[in-house]
Amino acid sequence: MMLKSLLGYQSGVIGEATESHIQKKLYENGINKSLQSNFNVIVKLSEELLSKWSSIPQSQHVPLCQYMLGFAMKSVTQTAMGSIFEDDQEVLRFRKNHDTIWSEIGKGFLDGSIERSPTRKKQYENALLEMETILKKAIKERRGKNPGRHVFMDSLLQGNLSDKQVLEDCMIFSLAGCVITANLCTWAIYFLTTAEGVQEKLYKEVTQVLGKGPITMEKMEQLSYCRQILCETVRTASLTPISARLQELEGRIDQHVIPKETLVLYALGVVLQDITAWPSAYRFNPERFEEQTAKQNLTLLGFSGSQECPELRFAYMVATILLSVLVRKLHLLPVKGQVMETKYELVTSPKEEAWITLSKRN
């Protein structure tokens, strides 16, 4: 919702409550259905990344952020819009515009600096226009055909939405899905390099659940420790430090009136690092999610359970597949002396490139 507002999109943000609810459910169900029908696509992309990483010498530093953004973009675009994005040139074109748009959404709109720079604003507007052209091309290609594998866009096209609504929802999923997935995978792998015991416990769970067979939807549900790792990654990194919700009815806090249809921001990052809710809050400790209280706290904040945002649900599944594929074959190792600084925007990311090294498991 916050992203829609920043992009200037209105459909489903303000208007008839019933229509907005129907569109929201269509969006969520579309992501769920596309996850199921594109499961093997994500597995294939994960195995392709494993193949690349397996060929890298152990002494070579690997740029984690760069790899994870590329992996996330392929996962999101192919799941959202189909086979057109199996072409690497289309992905590169998408990435160029995505990076320009997201850099301004993450900073320029929040601090107002984009309004003080006509050049940056023009670059942003051009990138948004070109991205919309890419999406219109994908809509045209999938409308009225038997396109084969079901993707997110198909659910929207079948849902009696206007082309404008389809374009806006695809834009939201493409932008948010890429950044959330990339950074969840980046932080999860980085934290695993700093916690050898956690990584080995994950390896044991993966080998026990999967044996020598491939990961499947059914087996993925059994990877409970992997889910704990991802929940703790979201918490430790404060993956989405702020969220927003439209005030449906007029509200009041003390003497302050919150008018109906006000966009209210929630400081989630503060709560995720609150030592009264999370003992040793700055320590990466997936074992804390063995406790029901920790799971409930995360659910109440919208990072798990029924309140979980659909883009994060997508990211959880992609990250689970990727980690299960990587840790079966590779040790994920830290680069000594690296100090990781954090950049807090709509989605939290490393301030500079995160470097890791790799070695093959026997």
Side-chain angles (χ1 to χ4, degrees), residues 1-15 19-20 23-24 26-28 30-31 34 69-70 72-110 114-115 117-145 147 150-182 244 263 309-311 314 345-347:
M1 189 175 289
M2 184 176 183
L3 189 51
K4 276 198 170 190
S5 179
L6 289 172
L7 288 167
Y9 293 160
Q10 295 302 315
S11 60
V13 177
I14 299 174
E19 183 182 337
S20 178
Q23 189 174 344
K24 181 184 175 186
L26 183 64
Y27 184 93
E28 292 175 353
I31 291 178
S34 64
L69 185 56
M73 286 201 171
K74 288 183 178 181
S75 299
V76 169
T77 54
Q78 290 185 36
T79 302
M81 292 167 283
S83 58
I84 185 176
F85 285 98
E86 291 173 8
D87 181 347
D88 284 349
Q89 290 305 311
E90 288 289 349
V91 177
L92 288 171
R93 185 177 166 215
F94 177 91
R95 180 169 182 168
K96 173 177 160 287
N97 293 305
H98 179 283
D99 289 352
T100 301
I101 294 166
W102 191 262
S103 67
E104 296 300 353
I105 287 173
K107 177 174 172 57
F109 280 106
L110 295 184
I114 190 173
E115 296 298 334
S117 174
T119 302
R120 276 171 53 192
K121 189 170 184 180
K122 185 65 175 175
Q123 288 173 341
Y124 166 81
E125 289 171 347
N126 288 342
L128 190 62
L129 193 63
E130 189 168 345
M131 183 78 95
E132 289 177 348
T133 301
I134 293 169
L135 296 182
K136 286 174 183 175
K137 178 183 174 184
I139 290 170
K140 184 178 179 181
E141 182 167 294
R142 298 196 74 85
R143 185 183 286 281
K145 290 184 179 180
H150 186 92
V151 299
F152 173 65
M153 185 178 281
D154 297 332
S155 291
L156 302 180
L157 290 170
Q158 293 164 11
N160 202 28
L161 299 181
S162 67
D163 279 6
K164 181 175 183 293
Q165 289 171 315
V166 173
L167 185 147
E168 291 180 2
D169 279 353
C170 281
M171 181 74 82
I172 297 298
F173 177 50
S174 299
L175 289 171
C178 283
V179 175
I180 291 172
T181 301
L263 197 65
C309 88
E311 294 87 2
F314 177 88
E345 295 178 342
L346 290 184
V347 178

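Please read all numbers here as calculations on a predicted model, not as lab measurements. We count residues from 1, following the sequence as given.
Contact detail for Thr100 and Gln123: the closest heavy-atom pair is CG2-O, 3.8 Å. Listed here is the closest heavy atom pair of Ser155 and His150: OG-NE2, 2.8 Å. Nearest heavy atoms, Glu311 versus Ala176: CG-CB, 3.9 Å. Nearest approach of Cys178 to Ser174, heavy atoms of both residues: SG-O, 3.1 Å.
With sequence neighbours excluded, the residues that form a ring-ring contact (aromatic ring centres under 6.0 Å, His included) with Tyr27 are Phe152. Checked against side chain to side chain contact (heavy atoms under 4.5 Å, CB included), Glu130 has the following partners two or more places apart in sequence or in another chain: Arg93, Lys96, Asn97.
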For this session: Any chance you could lay out the side-chain contact (heavy atoms from CB on, under 4.5 Å) test for Phe314 and Val76, step after step, and finish with the verdict?
Result: CA-CA 9 Å; Phe314 177 88; Val76 169; 3.5 Å; yes
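Between atom CD of residue Glu90 and atom CZ of residue Arg95 there is a gap of 15.5 Å, rounded to the nearest 0.5 Å. The distance from the CE atom of Met73 to the CG atom of Leu92 is 10.0 Å, given to the nearest 0.5 Å. Atom OG of Ser117 and atom NZ of Lys122 lie 13.0 Å apart (nearest 0.5 Å). How far OG of Ser34 is from CG of Leu156: 9.5 Å, rounded to the nearest 0.5 Å. Expressed to the nearest 0.5 Å, how far CD1 of Ile31 lies from SG of Cys309 amounts to 8.0 Å. Atom CG of Leu26 sits about 10.0 Å away from atom CD of Glu28, to the nearest 0.5 Å.
Contact of the Arg142 side chain with the Ile84 side chain is not registered, since no non-hydrogen atoms from C-beta on lie closer than 4.5 Å. Annotation: side chain of Phe94 is in contact with side chain of Met131 (closest heavy-atom distance under 4.5 Å). Contact check for Lys136 versus Leu167: side-chain heavy atoms found under the 4.5 Å cut-off. In this structure the side chain of His98 reaches within 4.5 angstrom of the side chain of Val179, judged on heavy atoms. Contact check for Glu132 versus Leu128: side-chain heavy atoms found under the 4.5 Å cut-off. Two residues are said to be in side-chain contact when any heavy atoms from C-beta on lie closer than 4.5 Å; Met81 and Val151 fail this criterion.
Checked by atom type and distance alone, the side chain of Ser83 never pairs as donor or acceptor with a backbone atom of Glu86 at under 3.5 Å.
Counting non-hydrogen atoms of other residues, nucleotides and ligands closer than 6.0 Å to CG of Asn160 gives a total of 12 or fewer.
Salt bridge Glu168/Lys164: present, at least one basic N to carboxylate O contact under 4.0 Å.
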